[in-house]
There are 2 protein chains.
Amino acid sequence: MSLDHAILGFLQYGPSTGYDLKAIFDLSVQHFWPADQSQIYRTLSRLTAQGFVEMERVEQEERPDRKVYRLTPAGVEELQRWLTTPLPMKGGRSAQLVQVFFAAQLSDEEMLAIFRRAAEQCRAELAQLRAIPAEAATYREALDSPRDYFCWMLTLECGMNMTAAHLAWLESVIARIEQGELPRRR
Amino acid sequence: MSLDHAILGFLQYGPSTGYDLKAIFDLSVQHFWPADQSQIYRTLSRLTAQGFVEMERVEQEERPDRKVYRLTPAGVEELQRWLTTPLPMKGGRSAQLVQVFFAAQLSDEEMLAIFRRAAEQCRAELAQLRAIPAEAATYREALDSPRDYFCWMLTLECGMNMTAAHLAWLESVIARIEQGELPRRR
DNA sequence: CGCTAATATAGGATACGTCCAATATGTGAA
DNA sequence: TTCACATATTGGACGTATCCTATATTAGCG
């Protein structure tokens with residue numbers, strides 16, 4: 001249940017609405033923990049019921065009331081507890097690797113297409129990740145703690161390293177196939 | 001719906017029961033597409049209803065009948081179609097990175113613990129991946145096509161590369177924290 | 001002799017994620 | 001003017017994964 005704790009984590013920076021949370025999710029942790037908007041709202045209700053956050057209704061004219069959530073002491077404690085809890089290494093799923101695994105019956109050209117497409121997507125993702133620090137600057141003041149910022153940048157670095165490594169592998173596979181190292185069909 | 005297509009992919013090597021499929025899943029594709037046993041059986045029923053596989057009941061004494069599934073022509077076609085379909089790059093989730101992102105409020109020691117634990121898990125996973133080729137040899141004859149085997153080894157290589165890259169990153173973070181590059185709290 | 005693992009399948013319950021649509025209105029762009 | 005987008009929240013439906021339990025028997029180990 002990491003969405004719960006990610007939300008608690010963000011609320012630790014200060015009170016927020018579901019809408020705010022969605023925005024900061026998309027900017028900062030999306031590449032390793034994407035969050036659906038309706039999922040955020042539902043989780044917020046649950047966290048309230050569990051007593052980890054409190055909600056304050058702020059009335060607005062002509063728009064839906066804002067519901068501003070803040071951490072309770074119990075929420076702070078729960079976050080702390082979770083952060084120091086060892087996590088089981090849950091292997092991610094990759095549909096693309098499933099394609100690779102069964103790609104043997106495709107033609108060489110079709111296989112190359114899979115790898116070239118994947119490489120393109122990697123490059124796009126890398127570009128996206130590289131664009132984050134510029135946008136992050138906006139929030140840097142809000143965060144204000146250089147330690148928080150350091151942690152954020154660590155996750156970014158991880159994402160870029162992983163993507164770069166994946167891209168390197170894809171390119172090496174493409175090169176090998178182009179050099180005819182792929183056994184023939186039949 | 002990659003589980004569906006992974007099952008179709010394995011059935012392409014020859015008829016199997018749900019039980020057989022579970023075994024080959026765990027050996028070969030588990031590290032990028034783990035499959036739950038009951039999920040396999042349910043998917044098999046659905047694929048039958050959709051006409052992609054056929055079931056033949058093989059009676060056994062003193063044990064539940066084996067249900068042997070085989071691909072239909074429609075199933076072959078569906079597999080081929082899916083293999084050549086571009087996939088949306090679905091970013092994997094990493095609860096560990098969520099911990100890192102919010103780790104700023106932990107002590108240096110607690111942060112180091114997170115990274116050291118993660119590094120340990122990486123090493124364990126690497127060891128597991130390295131053990132696969134030996135077990136794979138059993139199935140090599142069954143697969144018999146060197147092209148299929150090549151694709152299998154590609155996915156293994158990918159897994160090992162990614163894990164190694166992740167480990168390298170973790171070790172570099174540990175080194176940097178130990179050298180005091182992490183900004184202080186408060 | 002008892003325990004566990006292997007062979008084989010099935011179903012309920014639950015959590016979690018994703019998509020889509022509805023509600024309401026202001027602002028800026030084409 | 002029309003269209004999309006930002007603000008803000010909510011709910012239905014569905015797909016997929018995960019967990020647990022039940023059934024039934026054999027083989028091997030200590």
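- Regarding Ile24(B), its CD1 atom lies at a distance of 14 Å from the P atom of dT7(C), rounded to whole Å.
- In this structure, the OH atom of Tyr69(A) is 11 Å from the C1' atom of dT10(D), given to the nearest Å.
- Regarding Arg66(A), its CZ atom lies at a distance of 7 Å from the P atom of dT9(D), rounded to whole Å.
- Distance Phe25(B) CZ to dT16(D) P: 14 Å, rounded to the nearest Å.
- Here the closest non-hydrogen pair linking Val100(B) and Cys151(A) is O-CB, 3.3 Å.
- Hydrophobic cluster membership for Met1(B): none, as no Ile, Leu, Val, Met, Phe, Trp or Tyr side chain comes under 4.5 Å of it.
- Between the P atom of dA17(D) and the CG atom of Leu44(B) lies a distance of 14 Å, rounded to the nearest Å.
- The interatomic distance linking Lys67(A) (NZ) with dT23(C) (P) rounds to 18 Å, in whole Å.
- With contacts defined as side-chain heavy-atom distances shorter than 4.5 Å, the pair Gln37(A)/Arg42(A) does not qualify.
- One finds a salt bridge joining Glu178(B) and Arg116(B) here, because a Lys/Arg side-chain nitrogen approaches an Asp/Glu carboxylate oxygen to under 4.0 Å.
- Taking the six-membered ring where the residue is Trp, Trp152(A) and Phe101(B) present tilted rings, their angle falling between 30° and 60°.
- Contact check of residues 14-22 of chain B against DNA chain C (heavy atom, cut-off under 4.0 Å) returns Thr17(B), Gly18(B), Tyr19(B).
- A donor-acceptor contact shorter than 3.5 Å is absent between the side chain of Arg70(B) and the backbone of Glu56(B).
- Across the protein-nucleic acid pair, Met55(B) atom CE and dT9(C) atom C1' stand 11 Å apart, rounded to whole Å.
- Taking the six-membered ring for Trp and thresholds of 30 and 60 degrees, Phe115(A) and Trp169(A) have ring planes more than 60 degrees apart, a perpendicular arrangement.
- At least one side-chain nitrogen or oxygen of Tyr41(B) sits closer than 4.0 Å to the OP1 or OP2 atom of dT9(C).
- With respect to the salt-bridge test (charged N to carboxylate O, under 4.0 angstrom), the residues Arg176(A) and Glu157(B) qualify.
- Here NE2 of His31(B) is found 10.0 Å from OG of Ser94(A). Values are rounded to the nearest 0.5 Å.
- The separation between Gln50(B) atom CD and dG15(D) atom P is 11 Å, rounded to whole Å.
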- Query: How does protein contact run along nucleotides 13-22 of chain C, one letter per nucleotide 5' to 3', with B for base contact, S for sugar-phosphate only, - for none, heavy atoms under 4.0 Å?
  - Reply: B--SBBBB--
